[in-house]
Amino acid sequence: MIRPDIFTETATALKKIYVNHLPQLRQLRDWQSKYRILMTLGRELPTFDSEWHRDEFLVQGCESKAWLLHYQDPVTTQHFWAFDSDARIVKGLVILILTQVNGLTAEELAEATPELLLTELQLQQNISQSRSNGLLAVLNRVKASL
Amino acid sequence: MNFDLRSLRQQFPFFSAHPDWIYLDNAATLHKPQAVLDAMNTFYSQHNSNVHRSAHGLSQQATAAFEAARNTVAQFLNARFSHEIIWTSGTTAGFNQLVFGLMGPVLQSGDRVLISSMEHHANIVPWHIHALPFGVQLDVVPLTADHRFDLAAYSELLKLKPKVVSISHVSNALGYIQPIADIVRLAKEAGAIVVLDGAQGIVWEKIDVQALDVDFYLFSGHKLYGPTGIGVLYGKTQYLELLRPLLGGGEMIKTVSFSSSSWNDLPYRLEAGTPNMAGAIGLAAAILWLQQQDLTAFQQHKSALVQRFYAGCQQISALELLSGPTTNAGIVALNLKNEHPADLATLLDQQNIAVRAGTHCTMPLFQALNVKGSVRFSFACYNSFDEIDRTLTALATAVELLAE
Ligand SMILES: Cc1ncc(COP(=O)(O)O)c(C=O)c1O
């Protein structure tokens, strides 16, 4: 069973990251400092129960393993996710993507371009090059939630 | 070192296009010397015509160049006949033809095939597709405790009388040079047909297929300083004659009616369609180029690179090395304790060091090793000690970042 609070807890954590870490990342110039932050973002998320490490949540096409849970509020049409990966950098990148889309309504999500944040932060110049690390697969899955 | 590394590197235009990068993904594909690019350019700009087909003199010129390329490969491997060189699009395509071709004439339900734990998917999946559904059984030679080919276990498994033994010459994941002379000899004594996957081995040492007495040997052009899209399936005439063609079409037939066709002679029988002419010519140019180099010096250089890198890695605690520096053709696989190989590789990529992370098309090997994957550093003749040292520095930086 998926514990429903995973989505509210994740949403709270993502908001905190949005407020605390995004401005920090925007300021930093050298890649080491950026990656240092990126690799610790995962610690901000609530515990992702190991029983959710199931094939049905696994995003195919990743070198590393990535699990994405999704919930849509039937009333507000808002989309919520919870995420885990066994690799830290992909996890950090996906968290940044989720800060851009989590809680959006279906209408808003259709318009969203969360990947632009990564270009802006110079973390991933070209999203199509990220095929091997699985980011693109996760992004496609996020967009397919509509 | 008996060669001048600087002038060697200058022959590879890729490096002047990417002076900021250190390329250590050589097991995936090698860069090409100018001589190969020139040969292909000359073919397209001066000799291009379809081979074997047309009556005109231009086609004859193209055919002559194409068949000369086949002869170059035949001499390189010391094959008895040039028709024993079958052009493929690469090792993978070669294996698919080979396994499909053996099924029926050689392999029947109940027969066994022996591979090793270190095999590339190219030497596993074709068996799954073309042989296992028809009742063939696959046995696997295990690894020794230090991750090497287990010759003792191999001898035991040969008692099961496999019809075919198919083993890699050099492991692409760990870099180990397999004891191919023993592997072939023991397989022959057991009455098996023996196949070597030379994708990684061909660039390491000179192969004499007759002296080795191997029945089939496969490799890819792009891992021998040649172009992509071309490869070789070498086979002894008697065994190639048995193979059912996987691909049918033009070039491979003698006569065709609407109800049946009769097949051409070797090598054409196994080369349906217009072949990769420029690829074959590029591969021959790569071989001719390589024959002008000092292969022994290349080997010594690559071994020295491995030793230096390996020694440097041992200074970084928390690195877990999956392969050792001896009888190694130039590949070091490692992991950082408790970290995902993809993270380590990304942090190296940030520092312009090209390596590969993952399971390297050898998933069963990593299941046997019980690790997720590895970061693979693979070296070629054109890599320098300076590149090794800079890589070690970058590796230390990455390890530090991950340790925080
Ligand atoms: C040992 C081994 N066998 C087979 C192959 C397949 O070669 P190709 O992809 O050129 O067909 C490779 C290449 O990665 C390899 O390293």
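Side chains included, hydrogens not; waters and symmetry mates left out as well; all remaining heavy atoms used.
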Are there more than 12 heavy atoms of other residues, nucleotides or ligands under 6.0 Å from atom [atom1] of [X]?
X         : atom1 : answer
Tyr18(A)  : OH    : no
Glu56(A)  : CD    : yes
Lys15(A)  : NZ    : no
Asp55(A)  : CG    : no
Glu120(A) : CD    : yes
Glu107(A) : CD    : no

Q.
Closer than 3.5 angstrom, by distance alone: can the side chain of Asp343(B) be matched with the main-chain N or O of Ile89(A) as a donor-acceptor pair?
A. yes
Q. Rounded to the nearest 0.5 Å, how far does CG of Leu347(B) lie from CZ of Arg88(A)?
A.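 Here the rounded value is 8.5 Å.
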Q: Measure the spacing between CD of Gln350(B) and CG of Leu123(A) and express it to the nearest 0.5 Å.
A: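 Those atoms lie 7.5 Å apart.
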(Q) Please give me the minimum heavy-atom distance between Thr397(B) and Gln32(A), naming the atom from each residue. (A)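 In terms of heavy atoms, the two residues are closest at CG2-NE2, 3.6 Å.
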Q. Of the backbone (N, CA, C, O) and the side chain (C-beta and beyond), which part of Ala345(B) lies under 4.5 Å from a heavy atom of chain A, both, or neither?
A. neither
**Q.** salt bridge (charged side-chain N to carboxylate O under 4.0 Å, His left out) partners for Lys34(A), two or more places apart
**A.** none
Q. If contact means a heavy atom pair closer than 4.5 Å, which residues of residues 330-339 of chain B contact chain A?
A. Glu339(B)
